[in-house]
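One-based numbering, in listed order, for ligands and for the atoms of each.
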Amino acid sequence: MPEPSPCSQVVVRPSGPLRGVVRAGGAKNSALKLMAACLLAEGRFVLRNVPRITDVGLMAEVLRAMGAEVVRQEPSGPDDPGDLVVTVPAALEPVAPMSLVAKMRASIVVLGPLLARCGWAVVGMPGGDDFGERPIDLHLEGLAAMGARFETAEGGGVAGTVPGRRLQGTTIRLAYPSHTVTDNLLMAATLAEGTTVIENAAREPEVQDLAAFLEAMGAEVRGAGTSRVVVRGARALRGASHRVVPDRVVTATFLAAVGMAGGEVRVADGRLAHMEMLVRKLRAMGLEVEGDAEGIWAAGRRRLRSVDVSTLPYPGVATDYKPFIVAMLSVAEGVGIVTENLFSGRFRYVEELRRMGADVRIEGHHAVVRGVPRLQGARVRATDLRAGAALVLAGLVAEGQTVVLDAQHVDRGYDDLVGKLRSLGAPVWREHPEGELAVAEAGW
Ligand code: EPU
């Protein structure tokens with residue numbers, strides 16, 4: 001195992017009950033798409049509540065490579081990350097460099113806006129495995145139905161052109177309600193000729209957030225948040241402002257933390273309506289959860305009980321919650337079965353949890369989790385963003401010290417997870433704070 005850089009470690013000690021108020025901040029999976037949507041028009045865009053995470057920094061690099069200017073304004077207060085101001089010129093270079101795209105799959109969402117705006121685009125793609133495990137076929141099929149033609153670009157990736165330069169509205173029925181495919185097609189449709197209907201569309205709150213931004217830009221979108229989205233194409237859109245919807249996965253992280261460590265926590269910007277199925281499961285596990293117009297309150301007063309959970313597209317329990325659910329079940333009373341229905345590789349962190357004494361068995365796409373009273377601190381590795389956060393949570397209920405290596409993955413999607421948990425009383429810190437400084441200094 002290669003030694004990670006010291007700045008990417010999070011150290012966790014056993015925690016008492018958590019108490020206090022935190023904010024989730026803006027949703028990564030909305031902010032990245034809103035940034036891509038800016039490419040649809042010349043003008044100035046102001047995005048509020050964009051989290052200070054490294055994926056936003058990468059998307060900013062992608063936009064800059066095409067000629068846009070992206071600037072983070074000074075925060076106006078402790079709860080404000082500072083507005084992100086994106087200025088898009090009349091002429092774009094619609095080429096997303098492989099070096100950037102390879103670091104973040106979500107950059108595929110620039111393809112739709114670029115084809116719609118420029119009539120051609122080249123988007124580098126990490127090769128082999130990524131195409132296999134998380135293919136982009138539905139993105140390409142949908143855009144092809146709107147008239148785009150694709151070939152393999154030099155050096156890998158896809159090169160797309162639109163004969164006649166303007167995409168054509170049509171009816172697209174998705175084989176699967178993919179989140180980013182819906183985003184990509186929705187954005188492309190706003191500049192297409194005629195009406196586009198996306199059937200079996202993803203219904204995530206972030207899709208609705210994107211539609212609201214597109215409408216502020218002058219687009220006509222109906223049905224976002226339902227399985228049938230209808231878009232009437234416009235000749236041109238304009239600059240706009242928007243506040244990013246709160247992050248439901250970050251909110252879930254804090255709810256899971258209070259479930260495991262106990263205590264009473266309020267997520268000041270949590271939206272219960274965006275996570276009802278998860279909250280139902282959390283309540284069945286014995287966590288008290290209440291939501292109001294302003295946030296979500298949760299209290300953990302006893303050891304959690306096991307439940308069975310299956311991940312499903314929204315409004316089902318999201319695959320992104322699964323590492324927290326497995327972490328919770330690993331210290332709950334009884335046996336719980338977690339079934340993954342979306343991403344095959346999303347059980348890799350289980351091996352790390354086992355190093356901490358968790359009793360988890362993988363059978364196909366099911367994880368069978370037999371709760372133990374307490375985990376053991378260990379040196380574990382964050383295999384991805386959500387897994388890294390789940391390991392930090394596991395450390396809160398482990399004897400001794402837990403060190404989460406490769407914690408830079410966590411920075412991809414969490415704006416200061418460590419600081420926020422510490423503000424709730426959790427004994428967690430960066431062993432070398434240069435990592436956090438690097439993120440802050442980069443302006444994200
Ligand atoms: N799929 C295809 N072909 C495609 C696209 C997707 O077969 O062209 C399949 C995938 O292989 C997968 C399923 O469809 O089996 C679901 O993928 P989906 O496209 O819905 O996921 P995504 O849009 O790539 C987004 C989030 C993920 C989140 C999933 C599921 C973004 C940037 N990413 O991914 O978030 O897990 O939806 O809700 O929005 C994360 O935040 O860490 C993260 C991975």
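- For the residues Ala31, Ser178, Ala202, the heavy atom positioned nearest atom 18 (P) of ligand 1 is part of Ser178.
- Contacts between Arg105 and ligand 1 below 4.0 angstrom, taking non-hydrogen atoms only, are absent altogether.
- Leu424 places a side-chain heavy atom less than 4.5 Å from the side chain of Phe254.
- When only interatomic distances are considered, the shortest N/O to N/O separation between Pro177 and ligand 1 does not fall below 3.5 Å.
- Electrostatic pairing of Arg430 and Asp411 counts as a salt bridge here, judged by a charged N lying under 4.0 Å from a carboxylate O.
- Checked options Val12, Val404, Val11; the residue passing with Val428 is Val12 (criterion: side-chain contact (heavy atoms from CB on, under 4.5 Å)).
- For ligand 1, the polar-atom distance check against Arg412 finds no nitrogen or oxygen pair separated by under 3.5 Å.
- Residue-level proximity to ligand 1 for Asp137 is carried by backbone and side chain together, each with a heavy atom below 4.0 angstrom.
- The number of heavy-atom neighbours closer than 6.0 Å to CZ of Arg283, taken from other residues, nucleotides and ligands shown, is above 12.
- With a 6.0 Å radius and a threshold of 12 heavy atoms from other residues, nucleotides or ligands, Arg44 has its CZ atom at or below the threshold.
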Could you pull out every donor-acceptor pair under 3.5 Å between side chains of residues 143-150 and any protein atom, sequence neighbours left out?
none

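- In this structure, Pro135 is part of the shell of residues with a heavy atom less than 4.0 angstrom from ligand 1.
- Shown in contact with His139 at under 4.0 Å from a heavy atom are these atoms of ligand 1, numbered in order with element: 8 (O).
- Every atom of ligand 1 is numbered from 1 in the order shown, and the set under 4.0 Å from a heavy atom of Leu385 is 42 (O).
- No heavy atom of Glu141 sits closer than 4.0 Å to any atom of ligand 1.
- Checked by distance only, ligand 1 and Leu138 come closer than 3.5 Å through their nitrogen or oxygen atoms.
- Residue contacts with ligand 1: Ala106 is placed with no nitrogen or oxygen under 3.5 Å of a nitrogen or oxygen of the ligand (distance criterion only).
- Ion pair Lys322/Glu340 flagged as a salt bridge, since at least one NZ, NE, NH1 or NH2 atom sits closer than 4.0 Å to an Asp/Glu carboxylate oxygen.
- Looking only at side-chain heavy atoms (C-beta outward), Cys38 and Phe213 come within less than 4.5 Å of each other.
- Heavy-atom contacts of Thr319 reach the following atoms of ligand 1: 30 (C), 36 (O) (cutoff under 4.0 Å).
- For Asp320, the heavy-atom gap to ligand 1 drops under 4.0 angstrom.
- The residue from Asn29, Leu32, Val249 that puts a heavy atom closest to atom 31 (C) of ligand 1 is Asn29.
- Within the 4.0 Å heavy-atom criterion, the part of Lys33 lying near ligand 1 is the side chain and not the backbone.
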Validation: residues 265-279 side-chain donor-acceptor distances under 3.5 Å, sequence neighbours left out:
| residue | atom | partner | partner atom | Å |
| --- | --- | --- | --- | --- |
| Arg266 | NH2 | Asp292 | OD1 | 3.3 |
| Arg266 | NH2 | Asp292 | OD2 | 3.4 |
| Asp269 | OD1 | Ala24 | N | 2.7 |
| Asp269 | OD2 | Ala24 | N | 3.3 |
| Asp269 | OD2 | Gly25 | N | 2.9 |

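- The environment of Gln73 atom CD is dense: over 12 non-hydrogen atoms of other residues, nucleotides or ligands sit within 6.0 angstrom.
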